[in-house]
Amino acid sequence: MSLKLGDILAPMVAAAKDSLSADWANVRDYAKPEFKQLAQTLVDITKLAARQKISAAEAKSVLRIHKNTTLMVMLTVEGLGVIAGEKAINAALKAVRDAVNKALPFKLL
């Protein structure tokens, strides 16, 4: 199964928006491009895995790096704490967990 950016980006953004509630208005302009990049990373990982060019350990490392980057960008917004940012990212990834894990030969999320 191949993932497409358009299939996973909307659920990720919606889940993050729900998680952040009132803070979404403050972080929206920063969050949307970051979640787009995070979603693209997931798509890229599935493509690499399909060609056997990335291991499960490497994929998890790449994902961890991009999650941290997304968190750092979101933390630049005044008033948004680490816990809120992490919850939003985790909610976004949970929203696409089944699709991503189904597209891979290993469990990533």
Side-chain angles (χ1 to χ4, degrees):
M1 177 186 159
S2 177
L3 284 183
K4 294 184 178 142
L5 182 65
D7 294 338
I8 64 171
L9 180 57
M12 289 177 72
V13 171
K17 181 180 177 181
D18 288 346
S19 174
L20 289 169
S21 304
D23 289 324
W24 180 251
N26 297 332
V27 74
R28 175 184 47 233
D29 292 337
Y30 297 94
K32 284 185 176 182
E34 286 304 314
F35 281 110
K36 183 177 182 181
Q37 182 58 47
L38 188 58
Q40 185 62 56
T41 296
L42 294 171
V43 169
D44 293 345
I45 287 170
T46 62
K47 288 178 181 177
L48 290 168
R51 296 187 343 244
Q52 298 181 339
K53 298 289 184 181
I54 194 168
S55 69
E58 291 166 332
K60 289 176 183 183
S61 292
V62 169
L63 178 60
R64 186 173 46 255
I65 289 166
H66 285 274
K67 281 175 61 176
N68 287 337
T69 300
T70 301
L71 180 59
M72 291 302 110
V73 169
M74 292 176 68
L75 290 177
T76 64
V77 177
E78 186 175 331
L80 186 65
V82 174
I83 293 173
E86 287 180 345
K87 283 183 178 180
I89 293 166
N90 289 339
L93 293 173
K94 183 179 179 185
V96 297
R97 177 178 48 215
D98 292 341
V100 171
N101 286 340
K102 188 175 182 181
L104 290 167
F106 50 83
K107 186 177 176 181
L108 181 62
L109 302 176

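Position 1 is the first residue of the sequence; numbering continues from there.
- The heavy-atom pair separating F106 from I54 by the smallest distance is CE2-O, 4.4 Å.
- Across every non-hydrogen atom of L3 and V100, the tightest pair is CD1-CG2, 3.6 Å.
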Show your working on side chain to side chain contact (heavy atoms under 4.5 Å, CB included) between K67 and N90 and close with a plain yes or no.
-> CA-CA 9 Å; K67 281 175 61 176; N90 289 339; 3.8 Å; yes
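- By the criterion of side-chain heavy atoms lying less than 4.5 angstrom apart, applied directly or through intervening Ile, Leu, Val, Met, Phe, Trp or Tyr residues, W24 is grouped together with V82 in one hydrophobic cluster.
- Taking CD1 of I8 as the reference point, atom CG of L38 lies at 8.0 Å (rounded to 0.5 Å).
- Between P33 and R28, the shortest heavy-atom distance links the atoms CD-O, 4.4 Å.
- Here OG1 of T70 is found 12.0 Å from CD1 of I65. Values are rounded to the nearest 0.5 Å.
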Would V43 and Q40 count as a side chain to side chain contact (heavy atoms under 4.5 Å, CB included) if you check the C-alpha gap in whole Å, the side-chain angles of each, and the deciding distance to 0.1 Å?
-> CA-CA 5 Å; V43 169; Q40 185 62 56; 3.9 Å; yes
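- Distance check: K47 NZ to D44 CG gives 6.0 Å after rounding to the nearest 0.5 Å.
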Let me see the working for L108 and L42 under side chain to side chain contact (heavy atoms under 4.5 Å, CB included), right down to the final yes or no.
-> CA-CA 9 Å; L108 181 62; L42 294 171; 4.0 Å; yes
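- In plain terms, the two heavy atoms of P105 and A49 that are nearest each other are CD-CB, 3.9 Å.
- Smallest separation of non-hydrogen atoms from A88 and L20: CB-CG, 3.7 Å.
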Where do L48 and E58 land on the side chain to side chain contact (heavy atoms under 4.5 Å, CB included) test, with the steps shown first?
-> CA-CA 11 Å; L48 290 168; E58 291 166 332; over 6 Å; no
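- Residues M72 and M12 fall within the same hydrophobic cluster, defined by Ile, Leu, Val, Met, Phe, Trp and Tyr side chains chained together at heavy-atom separations under 4.5 Å.
- Residues in residues 4-23 take part in no side-chain hydrogen bond (donor to acceptor under 3.5 Å, both in side chains) pair, two or more places apart or across chains.
- A distance of 8.5 Å separates OG1 of T69 from CD of Q37, quoted to the nearest 0.5 Å.
- Taking K107 as the reference, N101 meet the side-chain contact (heavy atoms from CB on, under 4.5 Å) condition, with sequence neighbours excluded.
- Residue T41 holds its OG1 atom at 13.5 Å from CZ of R64, rounded to the nearest 0.5 Å.
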